[in-house]
Amino acid sequence: MSAAAPTIGQDVWRPKYNPWLIAVVVALAAFMEVLDTSIANVALPYMAGNLGASNDQSTWVLTSYLVSNAIILPISGWLAGALGRKRFFMTCLTVFTVSSLLCGLAPSLGLLLLFRVLQGAGGGGLQPMAQAILADTFPPQQRGLAFALYGITAIMAPTIGPTLGGWITFNYSWRWIFFINLPVGLATWFLVRRFVEDPPYVSALKRAGIKLDYIGIALLTLGIGALQILLDKGQEDDWLGSQFITTLAIVATVCLITLVIWEWFQKAPIIDVRMFKSFNFASANLMMFTLGILLFSSLVLMPQFLQTLVGYTSELAGFALSAGGLVLLFEMPVMGKLTTKFQARYLIAFGWLALSIAMYYSTKRIDLQISFNAAVWLRIAQVIGLGFLFVPITLVAYIGIAPEKNNTVAGLVNFMRNMGSSVGTSLVTTLIARRAQYHQSILVGYARADNPNFQNSLNGLSRQLARLGLSAHEAHAQAYARIYRSVQAQAASLAYIDTFMVLAIGAAIMFFLAFLLKKNDPGGGGEIAAG
């Protein structure tokens, strides 16, 4: 277990311990953090009731975590260089675990929000550092398999989060969704301390010292914070119809544009924006952003459709999605092996094509009469493409990148996926609301007094209700109400179809972009193919 791999040349570094042992340890930390981005969703009403807050106020429990998380993600590479990656990783674990305990003990909403900010900040470094550690721990030809293990945590955790959170909250208390992090966090901290080590280039960066960029940190904090709150609260506050959201949009735009310009000319930037000059790196980040949109959009759309329009309980909707999770669990290791046989860009192209077809198929299969089995198979179709994307896109992001940039690559790639998830959630909730209003306005136009079909339906339903004992007036009013509810359901169903079509088009665009990525040597992981 502790035998070191033989070194080949001066520049090759290998860890002292078995790489797969290290992979399991860091993946466990990443899984715990990703789980916390979604596990609290279903517990919000219980938190609000227990802490004497409104439901609207309780949503800040999610927003506060996402804001601090999003701020730390892109600068995690810089922080790892300043502190040392292992020390930074262990610090994040400490902050995350201690703040989880404080969240569980919080006596008021205000303190809970404060502790969630700390938890999000601690969690922000866990995902990218886990990925960077894997990139350095495994030789290039085995990176695909290592990233497959990481991909299981990144994709499975959000899938099981709501179901696990609902079960814990219903059977115990919402506080236990935070307390369960304690044993995992403590065990992971000791395992990281024992088995993880920094490669020589990380130690060299730390010794060289890094200048603190106060202006860059301030611009990043304001810009990303405003953007995250805007995405989370935009639909709720009617977007630019709200002065608060408009102000956030202006602040986010000005700060982020200024940040890019400022960081471009810095010798030691907190975010190395010059890396985006590489078309391959920029394309990989765009694809990871789009993957975040599609992954979380489908995670929002399917259970929401099944619960609000088909009448499923949250538990039953969770079961309908669970088969897709099992498919991904099987698919990820296979995908890791395929990256050693085929060029990553071809696997990515197939993944986008499969995802586009699945989203288009969803537009044909979604209806108010969908059966449980049909919903299960539809979800399976939606996730097959996802399994072909996460691992090879992550692999492509490292093509042609020097090892000392691995921390930065991991931070930016994970940041783009997380921002994609926020944009995706915001996008689908807005699209469903707006398109449902549009379709309702069209359908209501058919419910006119001079429309014989409408009158026949209304009179037939009124007679049915009258036979059940209602008066003529009550039966007529009840018939109108039922028809209107039916119109609303049909309009909402059409809105879901429109949203799936938008996702299908987005995936199709990424399919064509995949062929512009650099060739890689399947046996060499992140190495550029010769010729």
Side-chain angles (χ1 to χ4, degrees), residues 36-38 40-41 44 56-79 109-110 112-125 127-128 212-264 266 269-273 276 285-286 288-290 292-293 296-297 300 411-431 433:
D36 254 61
T37 61
S38 61
N41 293 19
L44 294 182
D56 286 345
Q57 290 172 326
S58 69
T59 59
W60 283 99
V61 172
L62 305 179
T63 305
S64 57
Y65 181 91
L66 293 172
V67 168
S68 60
N69 197 266
I71 292 169
I72 296 297
L73 273 169
I75 63 171
S76 57
W78 178 83
L79 289 168
L109 181 64
L112 177 59
L113 296 182
L114 172 62
F115 299 145
R116 281 287 278 178
V117 169
L118 294 175
Q119 189 187 34
Q127 286 187 66
L212 192 59
D213 181 7
Y214 294 103
I215 293 177
I217 291 173
L219 289 171
L220 176 76
T221 303
L222 286 173
I224 296 299
L227 178 61
Q228 187 67 61
I229 296 172
L230 179 153
L231 292 171
D232 207 46
K233 298 292 184 182
Q235 173 58 27
E236 183 183 314
D237 291 352
D238 194 30
W239 293 105
L240 297 182
S242 160
Q243 187 176 350
F244 174 61
I245 296 299
T246 303
T247 303
L248 289 175
I250 294 171
V251 170
T253 302
V254 172
C255 287
L256 293 178
I257 291 175
T258 307
L259 174 68
V260 172
I261 296 171
W262 175 263
E263 293 299 298
W264 190 273
Q266 292 299 301
I270 56 168
I271 302 176
D272 192 353
V273 294
F276 286 95
N285 276 272
L286 175 60
M288 192 59 83
F289 177 79
T290 310
I293 291 177
F296 277 79
S297 294
V300 170
L412 290 174
V413 166
N414 280 276
F415 169 72
M416 295 302 287
R417 191 187 78 247
N418 276 33
M419 290 309 298
S421 69
S422 296
V423 170
T425 304
S426 185
L427 173 70
V428 297
T429 52
T430 301
L431 274 175

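Treat the numbers as computed from the prediction; the structure is a model and nothing was measured.
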So, does [X] use its side chain to make a donor-acceptor pair with the main chain of [Y] at under 3.5 Å?
X      : Y      : value
Thr258 : Val254 : yes
Thr246 : Leu240 : yes
Gln228 : Thr63  : no

Are side-chain heavy atoms of [X] and [Y] found at a separation under 4.5 Å?
X      : Y      : value
Met288 : Leu412 : no
Gln127 : Asn418 : yes
Leu109 : Trp60  : no
Ile245 : Gln235 : no

(request) Go through Asp213 and Trp262 one step at a time and tell me if the side chain to side chain donor-acceptor pair (under 3.5 Å) criterion holds. (result) CA-CA 10 Å; Asp213 181 7; Trp262 175 263; 3.0 Å; yes
(message) Working to the nearest 0.5 angstrom, can you tell me the gap between Ile217 CD1 and Trp78 CH2?
(response) 4.5 Å
(message) Can you tell me how far apart OG1 (Thr221) and CD1 (Ile71) are? Round to the nearest 0.5 Å.
(response) 4.5 Å
(request) Check Val117 against Ser64 and note the closest heavy-atom contact, atom names and distance. (result) CG2-CB, 3.8 Å
(request) Of all the heavy-atom pairs spanning Ser242 and Asp237, show the shortest one and how long it is. (result) CB-O, 3.0 Å
(message) Taking side-chain hydrogen bond (donor to acceptor under 3.5 Å, both in side chains) as the definition, give me every residue that meets it alongside Thr429, ordered by chain and number, with sequence neighbours left out.
(response) none
